[in-house]
Structures are given as structure tokens and as C-alpha cells.
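Below: the structure, in C-alpha cells.
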Amino acid sequence: MVLSRKWREYVTALSATLITAAAGTTVGWTSPTLPKLLSKDSPIATSGDQSSWIASLMILSSALSPIPASYLADRIGTKRTLLLAAIPYILGWILVMLATNIPTIYAARLISGLGYGIAYTAAPMYLGEIASNDVRGAMATLITVMSKFGILSQYCIGPYVSMLGLASFNIAIPIIFVVTFSTMPESPYYYLKSGQTNLAERSLKKLRGREYMMEELESMTHLVNENMKEKSRWKDLVTVGGNKRGLIILLGIYFTQQFCGSTAIISYAEQIFGAAEGGLGPRESCILFGSVQLLTSAVSSLLVDRLGRKPLLLVSSCGVGLANIIIGAYFFMKYANNEYVVGLGFIPIVVIPIFIFSYTIGLATVPFAITSEIFPTHIKSKATCIIQIFVALMTFAVTKLYQVIADNLGNYVAFWCFAVLSIGGVIFILMLLPETKGQSFAAIQEKLYCSEKVVYEKRDGEVARVQINF
């Protein structure tokens, strides 16, 4: 029933998140491609160290683009900023299609990473601002649903086609995104911030259809006016109590998201399944793995506005922690004596999908919903920028260090480290995360600023926030 009433919002969100499907192809591309590059008949001779750089360079360069993306989102709007994200993806795949050496692949990954940083900075902002309160969580989790679609496409197609064939498929996704998303409305919040009330009303009518109510526009206008009473300053992220609280919460959640081991498993899935020596081949296991990701992210999208953000994150963190312990134990027994795991090759094949189910039901999806709703309008772009840079650096660290630890200490050490950090995430979420299910932006901000009184004063010709803690 909700879908039938909100179909305009969902169509807009699906079009917008095609750019995160493009991001998913760049993440999943390494799984079928690295084994080809490392094989004896590789089209481009590649060492183990070079393969880890191919996997991680894209994430490293994604830390460079959130700051300009934040600036552009405030100046030209989140819609136009998202459209710009398609350019690096298109250029990156063109380079892969032309590549004859490792430096060219490095360049392709670096350029694609710029698009990744732009997309994941602007997409949560855009989706949070176009969605109604009762579906905002579901809309934001589409970021992950479409990303998992992109990853699954690599597992299904990549092993059976050449690098050129896979790149030709992948380049089509950002092109389709540009064609479809160009017709979608800009965020009404952007129009209100820039004083274009008529365009904001037109955008809201296009998004809501028959459910459009003037009261919603008036509520948006009031909230934006309150938020815009002061200038957007970077230091407000750490000096204003509510902003600082929101930033700490999200950095903690995203740290758990990355250091639960998800990025390592996604990037090196085919190699991990190959080492497991289970009943399924590594290619078939990856397809199973990707299918679980996609289906679970779709389930999470349905549950996040029903069960809430916090329960899903707690279940997710507990699940990945337990799965990491079991996977680590399997690889430890295999390392100690290969005879210990004779007949137990099914364990990773069973437990890794459980890991992926647990991860995707909460940690992979829910953080985007929280990111889209927890910060005031005037500071949202800067907060999202900081978060995306943090995520990029953490993802790079996990992707790079996993291969190093696995090669030098063993897979089991990496998985047991992931288990400890996952359990730490459970404690963090339980203690600090407030529930935001179904609440308006104003209600969420009231909850974050519940321990302070905020007034505005004119100082040195500028309106500034004065915070009084009590």
C-alpha cells in the first residue's frame, strides 16, 4: 500500500541510486578480475602486491572528492552533484577498456574513486531530502540495494567474459543513470535554501503527487529558515553539542561497518572461497554470496521503517561478530593441520552467506538512513563529507591490510580481529544510538539537542548559535 502511494518517490530514488549501482560495479569488479590478472595466462602480468593496490586505490582516491562534492551540493544542488559523479565512472571504464599495463589500471581505479566519493556524499543527502518521513529509511537503504546489484552483476558476468566485455557492460550503467536521472526533480530543500520557494513547491508536488500538502512545504520552510539563521561552519561539527553527538554516532557506526570485515570479503570473495576448498567452486560461491547480499538489502529496506534503525544494527553487529569467529576458527584449523578440515569445507560456504545476511540487514544499509536524517540542513553537506572521507580511509585500510595480514599471519588472524571489533560495535550502538524511525527532521534534531538550549545572537555582523548546556 505504501509503495502504491509513494511510487513517485521510489521511482526518483531508484533513478538516483543507479549511480550507487555504478559504484557497486567498481567494488565487485576486483573479485572476478584479480584472479585473471594473477593467473599465468594473464592479459597483464600482475603481482600479489599490485593486485592489492588495484583493489584499494579506488577507495583511497574516494577520500579526495567529498570536500568538493559537499561544496557543489550547497552551490548547485544535490541532483546536479550526483550527475557529475557519472563522469569519473565513464572515464574509468574507458581506461580499463584501453588498458595494456598496470599503471593504466591504477589510473582507472583512481579516477573511478572520485566518482565513488561524490556519489556517497550526495546520495544520502538527496534521498533524505526528497523522502516522506514514513519511507525515508527505506529510500536511503536503496543506496545499498543498488550497490549490491552492481556487485552481483560482476560476480555473475565477470568470470565468463573478458576484461573488455565486463568494462563494456559496466560503462552502460552510469550512462543510463545520466539519461534517466536528468528528468528527476531537485531536492525541495535545496530550492528553499536558495530562496526559490516556487521551484520548491513544484518539486514537492512532483514527488508527492496527490499526497502533496501545503503544510509540508510550510514545515520545510520553517525548518530551513531556522537552520539557515547561521552560517555553515566546519567547526560547528565539533563545537555544537548536537552536531558533535551525531558525528560521533555515525563515525562509530561506520567504523564498525568497515572493520567487521565486509570490505575485505567483498573485494577478495573469489580468493577466499577458493582457499576454503568447499563443495561449490569459487565462481558459483560468489554468485550465491552476491545474491544473498542483494536479497537481504531488499529485506532491510522493507524492515528499517517498521522495526527501526537500532534493532537492525544490533542484530547485524552480533551476527557478523559470530560469523567472523567461526570463519577464523576454520582457517586456523586449516592452517594448523589441513587434515582437521577434511570434510568441513562447507563451513565457509555456509557461514559467509550468514555473515553477509547479518551485515547487509543492518550495517550495510541502515547507516545511510541515519546519515540522511541526523544533521540540520545547513551543516548536512559538511557532515556527510567528513563521514565519507572517514569511510574511504577506513575502507582503504581494511582492503589493503587484509591481504597483508592474510599473507603474513594467516586469514584466521584477520577474521578474529574483525570479530573483536564487531563486538565492540554492539556495545557502542547499544549505548549511544537513539532511535529515529518515522520521525521528522525537526523531531530528530530536538532529540540530539535535548541537553542544550540554543539561541541566536548577532556577533560581529553575523548571526551565530549560542549553546547553553544544562
Side-chain angles (χ1 to χ4, degrees), residues 27-28 30-32 34-35 38 48 51-52 55-56 148 151-152 155 159 256-296 315-364 395 397-426:
V27 173
T30 57
S31 185
L34 291 184
L38 291 167
S51 73
S52 72
S56 55
K148 301 312 179 188
I151 292 171
L152 178 60
Y155 295 160
T256 305
Q257 182 196 70
Q258 296 306 314
F259 277 88
C260 73
S262 58
T263 302
I265 289 178
I266 291 170
S267 296
Y268 299 101
E270 192 164 321
Q271 290 162 276
I272 292 171
F273 281 122
E277 301 176 356
L280 292 176
R283 293 178 178 179
E284 293 75 16
S285 298
C286 279
I287 293 173
L288 171 64
F289 163 76
S291 299
V292 172
Q293 282 188 294
L294 180 59
L295 292 174
T296 308
V315 169
S316 180
S317 300
C318 289
V320 295
L322 180 60
N324 275 317
I325 292 172
I326 297 172
I327 298 168
Y330 171 86
F331 281 116
F332 175 74
M333 291 190 295
K334 188 174 186 291
Y335 170 81
N337 189 332
N338 201 53
E339 293 183 2
Y340 292 163
V341 296
V342 173
L344 299 178
F346 67 90
I347 289 178
I349 307 303
V350 172
V351 177
I352 287 180
I354 293 173
F355 173 99
I356 292 302
F357 175 85
S358 300
Y359 169 71
T360 310
I361 201 73
L363 286 169
T395 307
V398 173
T399 307
K400 185 65 179 170
L401 288 175
Y402 169 78
Q403 189 71 60
V404 174
I405 294 173
D407 290 345
N408 293 280
L409 300 175
N411 283 352
Y412 66 93
V413 175
F415 283 110
W416 281 346
C417 288
F418 294 149
V420 171
L421 294 170
S422 299
I423 294 168
V426 173

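- One distance of note links OG of S262 with CG of N324; it measures 9.5 Å at 0.5 Å rounding.
- Within the 3.5 Å criterion, the main-chain N or O of V27 finds a donor-acceptor partner in the side chain of T30.
- Here the CG-CD distance, from L421 to Q258, works out to 12.0 Å after rounding to the nearest 0.5 Å.
- The closest donor-acceptor contact from the side chain of S316 to the backbone of L363 lies under 3.5 Å.
- Across all their heavy atoms, P32 and G28 have their closest contact at CD-O, 3.1 Å.
- The nearest pair of heavy atoms linking S422 to V320 is OG-CG2, 3.6 Å.
- Residues T256 and G425 share a closest heavy-atom pair of OG1-CA, 3.4 Å.
- With rounding to the nearest 0.5 angstrom, the CD1 atom of I356 is 12.5 Å from the CG atom of L294.
- Taking 4.5 Å as the limit, some side-chain heavy atom of V398 sits within range of a side-chain heavy atom of F418.
- Closest non-hydrogen pair, S358 versus G319, comes out as OG-CA, 3.4 Å.
- Put simply, CD1 on I325 and CH2 on W416 are 9.5 Å apart, with the number rounded to the nearest 0.5 Å.
- Closest of all the heavy-atom pairs between L34 and A55 is CD1-CB, 4.3 Å.
- Between the NZ atom in K148 and the OG atom in S291 there is a gap of 13.0 Å [rounded to 0.5 Å].
- Proximity of C260 to F355: side-chain heavy atoms (C-beta onward) are separated by under 4.5 Å at one or more points.
- Interatomic distance, L295 CG to F357 CZ, rounded to the nearest 0.5 Å: 10.5 Å.
- Between the side chains of T360 and Q293, no donor-acceptor pair is found at a separation under 3.5 Å.
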